[in-house]
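Some notes on the structure that comes next.
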Amino acid sequence: MSNNIVIFGGDSHPELVNRICENLDIKPSQVELGKFANGETSISVRSSVREKDVYVIQSGCGHVNDTFMQLLILISACKSASASRVTAVMPYLCYSRQPDIPYTAKGAPLVSKPRNSLSSTSKTNDENTTTNQSKILHNGVLQSTNTVNRPGSEFPFKSLDNAIRSSIQMEQPVPVREPKLAKTSSMSRIPVIPDGRISRGANNDAEELFNAQNSGYKLWVVQAGTLIANLLTTAGADHVITMDLHDRQFPGFFTVPVDNLYCKPMAQNYIQHFIPGYKDAVIVSPDAGGAKRATAIADALELSVAIIHKEKRSQLPKGPPDATLTSGVSLSSKPLISHNSVDDTINSNSNQVPVLSANGVATEFANSNAKSSKYIQTTMLVGDVRNKVCILIDDLIDTSYTITRAAQLLKDQGATKIYALATHGIFSGDALDRIKLSPIDKIIVSNTIPQERTIKKLGKHRVGIIDVSLVFAEAIRRIHNGESISMLFEYGF
Amino acid sequence: MTESQGPQNFNNKSELKTTEENSKMTSNSIKLLAGNSHPELAELISKRLGIPLCKVGVYQYSNKETSVTIGESIRDEDVYIIQTGIGQEEINDFLMELLILIHACKTASARRITAVIPNFPYARQDRKDKSRAPITAKLVANLLETAGCDNVVTMDLHASQIQGFFHIPVDNLYAEPSFLNYMKLKVDLDNAILVSPDAGGAKRVASLADKMDLNFALIHKERQKANEVSRMVLVGDVTGKTCLLVDDMADTCGTLVKACDTLLEHGAKEVFAIVTHGIFSGDAREKLSNSRLTKIICSNTVPVELDLPVVDQVDISPTLAEAIRRLHNGESVSYLFNYAPPV
């Protein structure tokens, strides 16, 4: 390799740095990373970078803001030390997922206290009623007659009295229930107030904030994507290499070239080599957003697809829900609507649910069933998975709520084996505990983020690691030599 | 500011608001935002100005990314974000919080965004003192500008040249007048001498000595490594005097404690230390409780969690509040360089 290349690694993922360097057959250059006594990040670049092509490898994991600042300082140190070009290699780009807290019209996030107390009537709701309900919904018979027969509303057809009562409730300005931001587990991206900050008498008490009902103002969450892009450019990054960005638009935020590598070829490879009987497997996307990602892999491997559609609405559905179903890629004979209400899950699967309820998976169903709930949670599976091996495909697993819930649904629908494959395994909070209890048989993630903890927690047999160091090394080599890297998109390495 | 007001028809939505809010909007009021670094100071400034803090949610996702939610409209307002640089574990979190807050205000169409950073983070990494050392202070300046900051208010910058790193106005306030008020009350100034613990601070001390009409001495220290002091040489006579050690920050307190010892060895009567930023990291607590300092007086630019009797705090929130008021009204702030508003 040319001696004009210099590679620095941040302290977020030294193993990946070493692997990439091994593949390039060079040694990572010396850099001292540390902290001053007051907590400020200290960096000392040991080898000369003058007129060199510098690559700084730092993944957006661990203490994210620390690693990100370290990357920025490292880039700016190289830049001010006359490096000819500095490339930021971020296998997982932090803040790449724009926040997505759903809001009600009143400005509170869709978080509520779990209501465990189901009313006695709902308990009597047996399987027959619910299947009945879903059938009616599916045919769209009663759609226009009243506003109550939304999926997820409890016992809408039980009695007219009930229907009227709940419809009245809908009309009234239902007070937004207090969101418990720190503890709720029903949402995928809930901000957690770090310990100790509340005790400092922070002015921004979460509950007060989210209960603030200043009319005409919709509470919003800042989208930091553009900022992160600008910060990297400001620090002096001339080029960014990353992998499987959550938003395909993200490169557009940058004013410098961004090479977004794909894990897909390696994922396909893994499926073909390590999943027995993959030819009869079904690729499942845990949400509609990832449908394209899943279908791409399914097309390449000539497998069938199923999609789990999860809906959170604060308003009544305008159109019949079956419209979604028929327009979906239904490769199976008949689409299924599963778990329109909690009663479904709790009654029909009473064997499995209690195991998970402690983990908050079932709480969500309970929420949707709360009597005064304005929100509907529908989860439907489009496609047939009965007696099949399922491969859940997602780009990242963070809190793992989505993936474990999807796995549970697949199990309930008769899937024999469930694999979950994602590029970035962040596994924040108690995600790993949740996965451990879930019916996922094997979780496959790439090493864009260190996975020692995952293997330790789940055991070696339940974790598959896709090594992406080769593709990063090859991308670095090609970029350094000014060759095209588009071949890597298709074939990987 | 030259930025024009938005077209009137965009304000249709605001008709829904109360008239009070409406009038606030047109008159372009001060909006105070605070991060998590120093809520007490933000509270003090807010009380002083009589303006409640804006409802802001600054949280952390479980994957440790920072999330910011702004709870009220700041369109076309004059926004002041109060965030100081502190925290052994969290300094970068607080910096990112500040950047995201600024970015949030920018995307929320604030008219002007002023970052109030009493203790500027990374201020000491302001020069390339060895090959390939990062000039992080410059980086932070660039990051603030990139995020969309229009103005910076800070206090006692480690090197006032840091102002030159910015392309936007930086108002570097001084805690000195507040300290002066304190000392006039608590210290016997007739028999006092000002001492600079290092050559770098000589200028700061000299200016203070002029103002107070006192003599000053200087300690020259030979530094081998960062945060470590090896040998100290005293220049000047301190015999029988009350020594006032003046520095811009006390971090590990190694310098201060050694300087105090040096002064006492040279016959000083008692030693006070006056520092603007009391960071007190590492084993500062231990060092201070064992030191022979009479008092260490610091300002509340950073939250001081030391409950030692030797530590005294001077409130500088009136200065910051007054600076915010003056900036908002387009008045000169130079008055504050010499006088502290009454507490």
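Naming: A, B, ... by sequence-line order, numbering from 1 per chain.
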note = Partner of B:Asn92 under side-chain contact (heavy atoms from CB on, under 4.5 Å), picked from A:Thr67, A:Leu72, A:Ile73, A:Thr41, is A:Thr41

key: Short N-O contact, A:Asp398 and A:Arg97, less than 4.0 angstrom   = yes

message = Any salt bridge linking B:Asp129 with B:Arg124? Criterion: basic side-chain nitrogen under 4.0 Å from a carboxylate oxygen.
response = no

ask   = In terms of heavy-atom pairs under 4.5 Å, which option from A:Gly236, A:Ser82, A:Ser48, A:Ser44 contacts chain B the most?
value = A:Ser48

key: Interface moiety of A:Arg46 toward chain B, non-hydrogen atoms closer than 4.5 Å   = backbone

key: Per-residue contact mode, A:Ile426 against chain B (heavy atom under 4.5 angstrom)   = side chain

ask   = Do you know which of A:Asn230, A:Leu231, A:Ile75 has the most heavy-atom pairs under 4.5 Å to chain B?
value = A:Leu231

ask   = Can you name the closest pair of heavy atoms from B:Leu44 and B:Ser317 and give their distance?
value = CB-OG, 3.5 Å

query = Would you call the rings of B:Phe166 and B:Phe120 parallel, tilted or perpendicular, where under 30° means parallel and over 60° means perpendicular?
reply = perpendicular

B:Ile102, part contacting chain A, at a heavy-atom distance under 4.5 Å = neither

remark   = In terms of heavy-atom contacts, A:Ala237 and A:Val256 come closest through O-CG1, 3.5 Å

Side chain, backbone, both or neither of B:Ser46 within contact of chain A (heavy atoms, under 4.5 Å) = neither

query = Heavy-atom count around A:Lys79 NZ within 6.0 Å, excluding the residue itself: above 12?
reply = yes

ask   = Which bit of B:Lys130 is near chain A, if near means a heavy-atom gap under 4.5 Å: side chain, backbone, both or neither?
value = side chain

Lys/Arg cation over aromatic A:Tyr401: A:Arg434, 6.0 Å, 45° cone = yes

message = Under 4.5 Å from any heavy atom of chain B, what part of A:Phe68 do you find: side chain, backbone, both or neither?
response = side chain

Engaged part of B:Leu139 at the chain A interface, taking heavy atoms whose separation is under 4.5 Å = side chain

task = Please determine, among B:Asp283, B:Leu95, B:Thr66, the option with the most heavy-atom pairs under 4.5 Å with chain A.
result = B:Thr66

note = Ranked by heavy-atom pairs below 4.5 Å to chain A, first place among B:Pro134, B:Gly85, B:Ala147 goes to B:Pro134

request  = Side chain from CB out, backbone as N, CA, C, O: work out which of these in A:Leu74 comes under 4.5 Å of a heavy atom of chain B, or both, or neither.
outcome  = neither

ask   = So which part of B:Ile100 gets closer than 4.5 Å to some heavy atom of chain A, the side chain, the backbone, both or neither?
value = both

task = Heavy-atom pairs under 4.5 Å with chain B are the metric here; pick the option from A:Thr234, A:Leu227, A:Val49 that has the most.
result = A:Leu227

ask   = More than 12 foreign heavy atoms under 6.0 Å from CD of B:Glu89: is that the case here?
value = no

message = One thing to verify: whether A:Lys35 and A:Glu40 come together as a salt bridge, which I'm taking to mean a side-chain N less than 4.0 angstrom from a carboxylate O.
response = no

remark   = Taken to the nearest 0.5 Å, the spacing of B:Ile86 CD1 from B:Thr301 OG1 works out to 8.0 Å

message = Need one label for B:Thr136: side chain, backbone, both or neither, based on atoms under 4.5 Å from any heavy atom in chain A.
response = side chain

ask   = Tell me, side chain or backbone of B:Ala123 under 4.5 Å from chain A's heavy atoms, or both, or neither?
value = backbone

request  = Tell me, out of A:Ser76, A:Ser42, A:Gly429, A:Cys61, who's got the most heavy-atom pairs with chain B below 4.5 Å.
outcome  = A:Ser76

